[in-house]
A.B. asks: 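Sharing a structure below in structure tokens format, with a few things to ask.
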Amino acid sequence: MKFSRKWLEEYIDVVKFRDKELAEGLTKSGIEVEAVSKLVNSSGIIVAMITNVKPHPDSDKLSICSLDVGKSEEIEVVCGASNVRGYMKVAYAPVGSKVNGIEITEATIRGVVSPGMICSMEEIGIGSEFVQESQREGIATLANSAQIGTDVIELLELDDTIFELGLTPNRSDCLSIIGIAYEISAIFDIPLKKRTIKYPEVENSTDLLKLLVSNSDVNYFSLMPLHNIKVIESPQFIKSRLIACGIRPINNIVDITNYILLETGQPLHAFDLAKSTVDFEIRSAFNGEKTKLLDESEIVLDPSDIVVANQESALSLAGVMGGYSSRVTKYTENIVLECANFNSETIRQTAKRHALRSDSSVRFEKGVDVNRTELAMKMAVELLVKYADAKLSTNPVVYKKENFKFDDSDIVLEYDKLVKYMGFKIDVKEVAKILDRLQLKYTFEDSKFTVKRISRRPDLEFDVCIIEEIVRLYGVDNIKGELPIIRLKRSHVGQNTHNLGLIKNLLHSMGYSEAINYSLTSKEKASIGLETNEELVKIKNPLSSEREYMRKSLIPSLIDTASYNLERQISIVRLYEISQVSFLIDGEYTTHNRLSAIISGFKHDNPLFDMSIQGDFYLIKGSIQKLLSMASLIEGQDYSIEQAADIPKIFHPYQSAEIKFGDKVVGYVGKIHPKHSKHDLYAFEIDFYELRKIFKDDINVEQISIYPSVTRDISIVVSDDIRSIDMVNSIRGLNLDLLEDINVFNVYKDESLKGNKSITFKMKFGSTTKTLSEEEISEKVNIIIDCFRGQYNGELR
Amino acid sequence: MNNIEMSNIYQDFLNKMIQIDDSKSLFELQVEFLGKKGIFANFMQELKSMSKEDKAVYGKELNVIKNRIQEHINEKKKSIEEIELEARLEKEKIDVTQPGLFFTNGYIHPLHKMQFQICSVFSSMGYDVLSGPEIETDHFNFEMLNIPKNHSARDMQDTFYIDDTYLLRTHTSPMQIRTMTENTEKGPIRIVSPGKVFRRDEDDATHSHQFMQIEGLLVDEGISISHLIGTLNEFVKAIFGEDREIRVRPSYFPFTEPSLEVDVDCFNCDGDGCNICKGTGWIEVLGAGMIHPRVLEMSGYDSDKYSGFAFGLGIERFVMLKYKVSDIRDFYTNDIRFISNINSRDGGVF
């Protein structure tokens, strides 16, 4: 909503407040002023009369105009417009004046000096979309009555300020100048001016028009015929105020209906009587009925739409837009003025259905003061009589739905509740003053305010609404903030965030950075998930097929993210994501939290460790192992990472494994199948819910021996199909005394081994009671070698 | 052996010692004089064959000289070691301007970094941190929050619907309802709830169909607007700095009444006006309000006994303001350089 300061000033005296103060006051009270601007950014332009036009010596298109600017000497300026004529009143911008923010200086145009310029309407500062057809070509033609030397901006009533409001949906009352005046009156505590309407009542009138309302969503409908009107341009103040509020002036009739709409918030419409009827029917549209609207669009109506119709067809789409055939044209002599009230929801649906948002539909949608119809009709008639010579023959014909009345019941506000809400004891007198400023009727008795509801502010429904009014007019900024005094309790962390910091920090320390991807993806990408029996969740109204399904795995988006980075010269990619995935299980929407990570296949010489690191299956597997070790889980005991037959197809069939907690598969790890990525990538995904469930923190710290431990390496050559984990587990199963740990240190293959592989095991021996002797160690090593030989046919290399 | 002989030997030692400047030669000199077969060892042999009186005289003299030599050697040894250490250290000189080596670590996503910071502030004030599902019901997302059927937010145009009942949540506010309805005691509540939300907007520099919010909710007896303002003031100072001030304006949300919009004075220009605050000196950072009595009642709370406040904020906006990020899509591109840059100056990528 935009409003003009000059228009506002008809209702309230705000002279002592500057534009900025008004804007701040409104914003602070909840009516946000988004912008304050001058209607035009030009100044110093004056009325002049062309006394002579002669051709420019060096141009066919330019002319030299002599101007009477009200001084003894005439001025000669160069002008490029084709509509310059002698004795025409024009807008002259002298040197030093401002045209659309630019200061005018003396110019020499093709050898002729021009002290200033003659302006077009656009140069004066009216936006091209608002300039009337007759003024679009060439320079602006001013009224002959305009006095030479007068300020053009003042003459055209353009010396105004526009305030642009960002209204919240509850404040539809401010969709009118009157509503804003009430608001400013309350905020600044200034009384409203008294305004009288000159409305000529018709005595002994006989109804000319017939009105039949057959639709129950019509609350109120009135029609007023007006005769012998003159369709001409509107007076300047109407045009300028419409422009200030963003509406293009058309002719006096249309402009006056728009003017009253802006002033009162009550939409109006004028029909050409000759092209409509005297027999009006307000009904539901017929199924498939077609009509052509004012904007020349043809629409197919829906039975839920309300139309104003004559016997043959729809004349307008009620509450939204007038019809084309019955519109007011320059030939119109008699009009019928409509002023009505409709069910908000019906108008909202109609406007939405036909994608038509008009100044009228916006107001009906948000709610129009049900008691403003008569006022608006009278104000419109007053202006039509004054500026279109309209003659009245009858009083309006009115339909009013049964029981259609504003519910003006009482709201009871307990003073104690107000104090509780505000957090301090506000003075009763202060509250009373605020209610007065709002022009609400109330009484105060037994520590209770009883406030009468008013149709002007339908949003004030119950006690807290009144509290809100008191708060905002008292000034929220005047309320001192205080921290609540509350019983202490420890803060709980939700199950999804439990241990999250620990897990994230570990991943960061291993070089993984965190990604957050979109939950919505394409069908193709959502389908290469990890589950097979769970259905995808589909969006009914997606923006694009790229974002149509919910992810059921994080891996596909991590593949995209990894590729994005690899294609930008980032060769070592380590990323993870912890997010929800969604799917349908047995018709139930289910969301799970998952942890996924991805690495690129890289070879990196790490100067820090004097060794190189290879991005491969074992590196990503190592990340899981490290993570699970932090959860106090032991491989082979609490979890296993094993090859399996039914690994999801997103993985390489021979470089992948399932992650199991006990018997339960909780995730997968492996190389990404080359079908799904041209890059060498390795990833895992693990169910966060399962991980959280199994997360332990129950390590018993073992006594660290004061005696030195001893390590021994042995390399065993075995057949390539022997699994190293089995060999390690066999030795661990022996529970050898003094053997603290055994692990695979290196696996080596070459041709000399003839299809076998050499596995180097690192063994650590120690005792808490003594330093071990060489003999004791050798004895244990020999048992291990014997075990490998016996069970795996392994030979010492 | 006589006195002269002895003083010659001493003189001889001093002459030799003076020329020595390395520990090896010093050791040889020590052996020559004090070693098992050294000069003094010989004297001791000679001493054995002397008369008792001579033995006493010479023996004493001999010990004095021997001790004096030993002292000289010790002293010399000390000074040589110091010089040698000095020389060794000098050889070990390095170029300290050469770059340091570091373990390459990864970084938290900027949105989660901010989320963590915000949740920590409230956590420290005793708020529970909860998360909720991205797939929500129309009932929790709108109905229970007093958002009427005809509200534009419920249009197909603005919300991703799955079917008539389910949708992608458009805000984290349904967590207010979930928490209040699930609280069987209908007693006090203090929570913050971060998470992803969805709006049917085309992605551009300032719009994203997916973004992150944090919801806050406090329900107790006697909670006032003053408490809300006090809490938000505390929060804003924790995130944007102790010098920051907040400005509160009335606003409108269907689920709060009164509703407030909270601005913070611009941390870029200290309120003088710049392009970040669009010249106003204030930046809008969050929406808040007193929980609408209907919302309390619908969730089973007695609105005469309990009151409370709620607030909601967009995490992207906070990060964009604090770190001057201009394009919201950067958060979802996951360029490792972007994630690193917001966390660290080194970039951490090679």
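To find a chain, count down the sequence lines: A is the first, B the second, and so on, and within it residues start at 1.
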A.B. asks: Could you tell me which portion of B:Ile339 (side chain, backbone, both or neither) has an atom closer than 4.5 angstrom to a non-hydrogen atom of chain A?
C.D. replies: side chain
A.B. asks: Taking side-chain contact (heavy atoms from CB on, under 4.5 Å) as the definition, give me every residue that meets it alongside A:Arg353, ordered by chain and number, with sequence neighbours left out.
C.D. replies: A:Asp302, A:Ser304, A:Asp305, A:Gln349, A:Thr350
A.B. asks: Indicate yes or no: does B:Asp164 engage A:Lys540 in a salt bridge with an N to O separation below 4.0 Å.
C.D. replies: yes
A.B. asks: Report which part of B:Asp163 has an atom under 4.5 Å of a heavy atom belonging to chain A: side chain, backbone, both, or neither.
C.D. replies: both
A.B. asks: Which region of A:Ser29, side chain (C-beta onward) or backbone (N, CA, C, O), has a non-hydrogen atom less than 4.5 Å from a non-hydrogen atom of chain B, or is it both or neither?
C.D. replies: backbone
A.B. asks: Verify whether the ring centers belonging to B:Tyr107 and A:His508 lie closer than 6.0 Å.
C.D. replies: no
A.B. asks: Establish, yes or no, whether a centroid distance under 6.0 Å links the rings of A:Tyr421 and B:His227.
C.D. replies: no
A.B. asks: Using non-hydrogen atoms and a 4.5 Å limit, figure out which bit of A:Lys480 sits close to chain B: side chain, backbone, both or neither.
C.D. replies: backbone
A.B. asks: What residues form a ring-ring contact (aromatic ring centres under 6.0 Å, His included) with A:Phe602, not counting sequence neighbours?
C.D. replies: none
A.B. asks: Checking heavy atoms, do the side chain of B:Leu168, its backbone, both or neither come under 4.5 Å from chain A?
C.D. replies: side chain
A.B. asks: Can a salt bridge be assigned to the pair B:Arg249 and A:Glu24 using a cut-off of 4.0 Å between side-chain N and carboxylate O?
C.D. replies: no
A.B. asks: Please classify the contact of A:Tyr589 with chain B as side chain, backbone, both or neither, using a heavy-atom distance under 4.5 Å.
C.D. replies: side chain
A.B. asks: Can you tell me how far apart CD1 (B:Ile336) and OG1 (A:Thr561) are? Round to the nearest 0.5 Å.
C.D. replies: 9.0 Å
A.B. asks: Please look at B:Asn233 and chain A and tell me whether the side chain, the backbone, both or neither of the residue comes under 4.5 angstrom of a heavy atom of that chain.
C.D. replies: neither
A.B. asks: Would you mind checking which part of B:Tyr127 comes under 4.5 Å of any heavy atom in chain A, side chain (CB onward), backbone (N, CA, C, O), both or neither?
C.D. replies: backbone
A.B. asks: In terms of heavy-atom proximity below 4.5 Å to chain A, should B:Phe331 be classed as side chain, backbone, both, or neither?
C.D. replies: backbone
A.B. asks: Kindly indicate, with the supporting measurements, whether the criterion salt bridge (charged side-chain N to carboxylate O under 4.0 Å, His left out) is fulfilled by B:Glu202 and A:Arg547.
C.D. replies: CA-CA 11 Å; B:Glu202 294 281 355; A:Arg547 311 258 170 256; over 6 Å; no
A.B. asks: At a 4.5 Å cut-off on heavy atoms, which part of B:Leu232 comes close to chain A: side chain, backbone, both, or neither?
C.D. replies: neither
